[in-house]
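Read the structure below first, then the notes.
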Amino acid sequence: MCETCGCNITPGNEHLARQKNSQGQDAVTVLKNLLGANDQVASHNREHFDLHGVLALNLMSSPGSGKTLLLEATIEALKHKFRIAVIEGDLETENDAARIRAKGVPAVQITTGSACHLDAHMVHDALHHMKLADIDILFIENVGNLVCPASFDLGQHRNITLLSVTEGDDKPAKYPVMFRAADLVLLTKTDLLPALDDFDPDRAEHYLRQLANPAPVLRLSAKTKDGLDAWFDWLRQELLTQRQRARHGQSLRPAIQSDGARMHAEMAAHHSSPATSEKHPRYREA
């Protein structure tokens, strides 16, 4: 995946990305242009969300943290109160979108091929398969990855980062780019805590605060339903606030980690060869 998005740019090889091409541009310049184009599309997406009063939420985490299970539990509890839709991002398969559709709400699957994150262009194309006028809350389940998704504005209003108790409580310290971008952190799979003596929720929150991030931290289990009420209350309040912003012609852009974005932009330009440009993501409608 890193061959596509550029994660393997390191201090040791970065000088290669700064070599001039035949047009006199270095890869860094090209990549900055690509990132600027992404931000323009993201703003366009957000304008559509705001026009229809849709609250758009970007769910990010490592693979297996329980994003899809949380969405299933959320849909079961709230689908009769709010109109919910989901955009799913994975490298391959339509498995997660199928699980969401089985709960009775629309879901569009984006398969990225080898890209380890979604970008604004992918989300924009997916929106062509959805009716925003029929949606209150749109969840965007990003590709499982604790680095890259934090670097790209998709047009969402809030970033939500999941950290499961099976991963280690020092993840905020090890992956600061992701956790700095979080507007809300969910500690998931807490039903497993009695069997895991090496995960301390307080220590995980301590590492988050060391990043100077004041985001709320909620502890929950989508399996046992413990802690879900606080998550539902957060959603209700965010939707209310989004509708108030929309009525006043205002919008909200979440935190984007520019350092990570710069690195990805550099990599994208480095790999903008015809061979890699053929790897288009695919979209499937609900």
Side-chain angles (χ1 to χ4, degrees), residues 1-2 4-7 35 38-39 41-42 45-46 49 54-72 74-75 84-97 99-100 107-127 129-130 137-164 167 171-172 175-186 188 215 222 231 235 238 253-258 260-261 263-265 267-268 281-284:
M1 63 181 70
C2 297
T4 296
C5 78
C7 303
L35 201 61
N38 178 83
D39 289 348
V41 176
N45 293 344
R46 198 158 25 246
F49 295 145
V54 175
L55 173 65
L57 303 171
N58 181 26
L59 272 63
M60 304 182 290
S61 75
S62 60
S65 64
K67 295 189 296 297
T68 309
L69 184 62
L70 175 65
L71 288 177
E72 290 176 313
T74 302
I75 292 167
I84 297 173
V86 179
I87 293 175
E88 291 282 354
D90 280 305
L91 271 65
E92 289 294 344
T93 85
E94 197 168 323
N95 294 351
D96 289 350
R99 288 172 58 179
I100 295 300
V108 176
Q109 179 76 52
I110 302 174
T111 52
T112 64
S114 56
C116 55
H117 56 83
L118 297 178
D119 66 21
H121 298 84
M122 298 177 191
V123 171
H124 179 264
D125 289 348
L127 294 178
H129 301 280
M130 314 187 91
I137 302 175
L138 174 64
F139 292 103
I140 304 170
E141 183 179 343
N142 219 310
V143 177
N145 182 343
L146 268 182
V147 182
C148 313
S151 300
F152 290 84
D153 186 358
L154 308 178
Q156 77 275 24
H157 300 104
R158 291 290 193 189
N159 287 327
I160 301 169
T161 300
L162 280 66
L163 171 60
S164 77
E167 298 179 60
K171 284 296 184 293
Y175 297 89
V177 171
M178 173 62 65
F179 286 91
R180 285 196 192 103
D183 296 302
L184 173 69
V185 175
L186 300 179
T188 60
W231 159 239
L235 287 173
E238 286 296 323
R253 185 176 185 269
I256 303 297
Q257 290 298 290
S258 57
M263 184 173 68
H264 277 73
M267 190 63 171
R282 302 191 297 274
Y283 304 91
R284 297 187 179 97

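Because the structure is predicted, anything quoted here is derived from the model rather than measured. In what follows, residues are counted from 1 in the order of the sequence shown.
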Do the side chains of Ile100 and Phe139 get nearer than 4.5 Å, heavy atoms only? no

Less than 4.5 Å apart, any side-chain heavy atom of Ile75 and any of Arg99? no

Where does the angle between the aromatic ring planes of His117 and Phe152 fall among parallel (under 30°), tilted (30 to 60°) and perpendicular (over 60°)? parallel

Quick check: are there more than 12 heavy atoms from other residues, nucleotides or ligands sitting under 6.0 Å from CZ of Phe49? yes

Ala120 versus Ala42, closest heavy-atom pair with distance: CB-N, 3.5 Å

Nearest-0.5 Å distance, CG of residue Asn38 to CE of residue Met122: 9.5 Å

Charged N to carboxylate O under 4.0 angstrom, Asp153 versus Arg46? yes

Sub-4.5 Å side-chain heavy-atom contact between Glu94 and Thr111: no

Results of salt bridge (charged side-chain N to carboxylate O under 4.0 Å, His left out) for Glu167 - residues two or more places apart only: none

Do you know the tightest heavy-atom contact between Ser151 and Val177? OG-CG1, 4.5 Å

Out of curiosity, Leu57 CG to Leu154 CG, how far, rounded to the nearest 0.5 Å? 11.5 Å

Do the side-chain N and O atoms of Asn159 and Asp183 include a donor-acceptor pair separated by under 3.5 angstrom? no

pair Ile87-Met130: side-chain heavy atoms closer than 4.5 Å: yes

Euclidean distance, Asp96 CG relative to Thr68 OG1, rounded to 0.5 Å: 3.5 Å

Looking only at heavy atoms, which two atoms of Ala182 and Thr161 are closest? And how far apart? CB-OG1, 3.4 Å

Using every non-hydrogen atom in the two residues, find where Lys67 and Ser61 come nearest and quote the distance to one decimal. NZ-OG, 2.9 Å

Determine, stepwise, if the pair Ile160 / Trp231 fulfils side-chain contact (heavy atoms from CB on, under 4.5 Å). CA-CA 11 Å; Ile160 301 169; Trp231 159 239; 3.7 Å; yes

Could you tell me the separation between the CD atom of Gln109 and the CD atom of Glu88, rounded to the nearest 0.5 Å? 5.5 Å

Rounded to the nearest 0.5 angstrom, the CZ-CG distance for Arg158 and Leu59 is 14.0 Å

Provide the closest heavy-atom pair for Leu162 versus Ser65 in the form atom of the first, atom of the second, distance. CB-OG, 3.9 Å

Taking every non-hydrogen atom, the tightest pair across Val123 and Ile140: CG1-CD1, 4.3 Å

Would you compute the distance between atom CD of Glu141 and atom CG of Leu118 and round it to the nearest 0.5 angstrom? 9.5 Å

